[in-house]
Amino acid sequence: MECVFGLVGNGFAIVAADTSAVHSILVHKSNEDKIIILDSHKLIAASGEPGDRVQFTEYIQKNVALYQFRNGIPLTTVAAANFTRGELATALRKNPSFVNILLAGYDKETGPSLYYIDYIATLHKVEKGAFGYGSYFSLSMMDRHFHSGMSVEEAIDLVDKCILEIRSRLVVAPPNFVIKIVDKDGAREYAWRESVKEAVAA
Amino acid sequence: MARYDRAITVFSPDGHLFQVEYALEAVRKGNAAVGVRGTDVVVLGVEKKSTAKLQDARSVRKIVSLDDHIALVCAGLKADARVLVNRARIECQSHRLTVEDPVTVEYITRYIAGLQQKYTQSGGVRPFGLSTLIVGFDPYTGVPSLYQTDPSGAFSAWKANATGRNSNSMREFLEKNYKETSGQETVKLAIRALLEVVESGGKNIEIAVMTKEHGLRQLEEAEIDAIVAEIEAEKAAAEAAKKAPPKET
């Protein structure tokens, strides 16, 4: 039921993820942030087994930081993607992590990029990608409306169209989504799309 | 298989660990390094022995970052330093991963000192031949700290300290001239201490300033030259003032 999708636009990459933490029939919380900021110019949107998701992405985040301290320069997006895939591959036949990842990044030399990394260590560089049941709807929507070099407004419009499809067509649709963007100015949260507000204690 | 595990660092009859003391000798031959703690900054300085003409100066960085809020300078065997710094960097990230908190300066100092101590009490190894000056800000209270470790694995906190070549002269100078300073004054104090033992000039000194907001910043050669010029001017003014009064009787 977890929905993660993303696309590359003109000088930026955008990823959106649902924000519900579900266990069987219970929704623990509906504001769980599943898009982790890897470093100043990289984002990882992850979906899958909750424990594995946090454990694996935080492990990647700390290793990316260590590389930067050791070498004085940050990893490129493609290097980070290959490192992530490598870790999944090494663990695959011993203690696999059930995490699907969309890694979005911006490099000064090569611009924005998006990488599709699934739980059995498949790695693809893509312009648009999605995971989960929601992918049936978001990929179709993106196939119809995506074109290379979209502006931020166009991309957000497409993201909203995808979210609308997921909300209306998926039987147990997640109510809330978070959208994060990465461009030359860095990786940051862009917006939330909430239809159910998490109850705040009085 | 020959035994490679016998202890190398063993006590002498009068209670000395000679290997550790010899390691301290190696430190005494290392580059002069100084650290000064201010109220809102911590400053590290180290002498830059003249680089060979063909050597790329940028590849020889003596002041290193361990994490966003911790920096280190060392005196002694540079190759040993690489090993220690690498282990410390891994520990900084490992700590963040397991407890979701950045390390405190005291924690990472304790870790580095612990590592140095382990190598004085293990088979088949020699102690690390370096002393370190570790600076940083506490991630929550924002309090700046300066710590020193040595080859024996001892560590303690300091307001200002020096290690390496001529460290005694620098420490004497600091003891005479230390007062609570902030910002540029702290930088000046560190440079003045280094100038006691190092040839004057931006190309012989490396200075880095750490603040809570901006982390570690290495000063450019031009900046250092400017401050050195200020210091020389102040010194000249002080000398002139000393000579002037007798004429006013």
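Just so you know, these numbers use all the heavy atoms, side chains as well, and skip hydrogens, waters and symmetry mates.
Within a 6.0 Å radius of CD in B:Glu100, other residues, nucleotides and ligands contribute 12 heavy atoms or fewer. Counting non-hydrogen atoms of neighbouring residues, nucleotides and ligands closer than 6.0 angstrom, the OH atom of A:Tyr133 reaches no more than 12 such neighbours. No more than 12 heavy atoms of other residues, nucleotides or ligands lie within 6.0 Å of OH in A:Tyr136, so this atom counts as exposed by the packing criterion. Dense packing is recorded around NZ of B:Lys78, with more than 12 heavy atoms of other residues, nucleotides or ligands lying under 6.0 Å away.
For the pair A:Lys62 and B:Gln93, the tightest heavy-atom approach, listed with the atom from each and the gap, is O-OE1, 3.5 Å.
Contact annotation: the side chain of B:Arg96 never approaches that of A:Glu58 to less than 4.5 Å [non-hydrogen atoms, C-beta and beyond].
With A:Phe69 as the fixed residue, the side chain to side chain contact (heavy atoms under 4.5 Å, CB included) test singles out one of B:Asp68, B:Ile70, B:Val64, B:Ile90: B:Asp68.
Atom CD of A:Gln68 and atom OG of B:Ser65 lie 9.5 Å apart (nearest 0.5 Å).
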